[in-house]
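Each ligand, and each atom within it, is numbered from 1 in the order the structure gives.
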Amino acid sequence: MTAEPQKSASTEFTNPNLEVLFSAEQIRNRIAELGKEITTDYEGKELVLVGVLKGSCPFLADLMRQIDLRMTIDFMAVSSYKDGTRSTGDVEILKDLSNPIRGKHVIVVEDIVDTGLTLSRLLEILGSRGAESIKLASFLDKPEPRIKNELKIDYTGFAVPNKFVVGYGLDAAGRYRNLPFIAVVRDPANA
Ligand code: IMP
Ligand code: MG
């Protein structure tokens, strides 16, 4: 008799290898707060949200719908060079902004700031383009092991421990971006 292969009842969203850190509801509530804050801070100003592809997509989409102002969005894609698993701070622009930011108030929207090397370099590049102001919104802040300690995050969703997290835009080798929550992968070898 041949044994039937075990069919798991779990789906991608109910994968037992994922430990939920922030639920969809917690995320929704926090983003509503951030949206209110930004709406107040940028009243009467020409605001552009610049999403860093691809990880910031869900955050940008939810955040902009909580900002009750006249505003626009744009995107950049960068690749950060890694030395092993650590980013080196060398950043290549894969996709640049579609429109100039001269005279505009810019908020760069990121999924997570880890070492801060990628963001520091990106802000340097954008800093030379004549924007009226440039601030940073990061959905997650992983303060350990920050290398660029001078990097200031103006709007943060949540702080996370020094663990690899996925979901809500964040991936592991391209997977998990579609999770509506943030989770830690319990056993990365068994993903
Ligand atoms: P860094 O701040 O230059 O170290 O790099 C930040 C980038 O590394 C982020 O934009 C993510 O793409 C990726 N990253 C860092 N930590 C995590 C994590 O816990 N999960 C998924 N991606 C991460
Ligand atoms: Mg990223």
Worksheet item: Do Y168 and F139 make the cut of ring centroids closer than 6.0 angstrom?
Response: yes
Discussion item. With respect to G116, determine whether any N or O atom, backbone or side chain, lies less than 3.5 Å from an N or O atom of ligand 1.
Written reply: yes
Practice prompt. Say whether Y155 and D41, considering side chains only, have a donor N or O and an acceptor N or O under 3.5 Å apart.
Written response: yes
Worksheet item: Are more than 12 heavy atoms from other residues, nucleotides or ligands located less than 6.0 Å from atom CD of E150?
Response: yes
Discussion item. Any heavy atom of L119 closer to ligand 1 than 4.0 angstrom?
Written reply: no
Worksheet item: Short list, please: which atoms of ligand 1 are under 4.0 Å from a heavy atom of T118?
Response: 1 (P), 3 (O), 5 (O)
Worksheet, complete the sentence: For E124, the side chain to side chain contact (heavy atoms under 4.5 Å, CB included) test, sequence neighbours excluded, returns R121
Worksheet item: For V166 and ligand 1, does the shortest N/O to N/O distance drop below 3.5 Å?
Response: no
Discussion item. Quick check on contacts: which atoms of ligand 1 are under 4.0 angstrom from a heavy atom of E110?
Written reply: 10 (O)
Fill in: R65 side chain to A61 backbone, donor-acceptor under 3.5 Å
yes
Item to complete: Please identify which atoms of ligand 1 are closer than 4.0 Å to at least one heavy atom of K142.
Response: 16 (N), 17 (C), 18 (C), 19 (O)
Worksheet entry | Atoms of ligand 1, numbered as shown, that sit under 4.0 Å from any heavy atom of D171 | 21 (C)
Discussion item. Under 4.0 Å, counting heavy atoms only: does L170 come that close to any atom of ligand 1?
Written reply: yes
Worksheet item: Is there side-chain contact between V20 and F181, with heavy atoms separated by less than 4.5 Å?
Response: yes
Worksheet item: Is it true that K163 lies under 4.0 Å from ligand 1, counting heavy atoms only?
Response: yes
Discussion item. Within the structure, is a non-hydrogen atom of V160 found at a distance of less than 4.0 Å from ligand 1?
Written reply: no
Response to the item:
Taking every heavy atom of Q26 against every heavy atom of L21, the minimum-distance pair comes out as OE1-O, 3.9 Å
Practice prompt. Please identify each residue that fulfils salt bridge (charged side-chain N to carboxylate O under 4.0 Å, His left out) with E33, with sequence neighbours left out.
Written response: R30
Item to complete: Would you tell me which option among V185, V165, I147 has the nearest heavy-atom contact to atom 20 (N) of ligand 1?
Response: V165
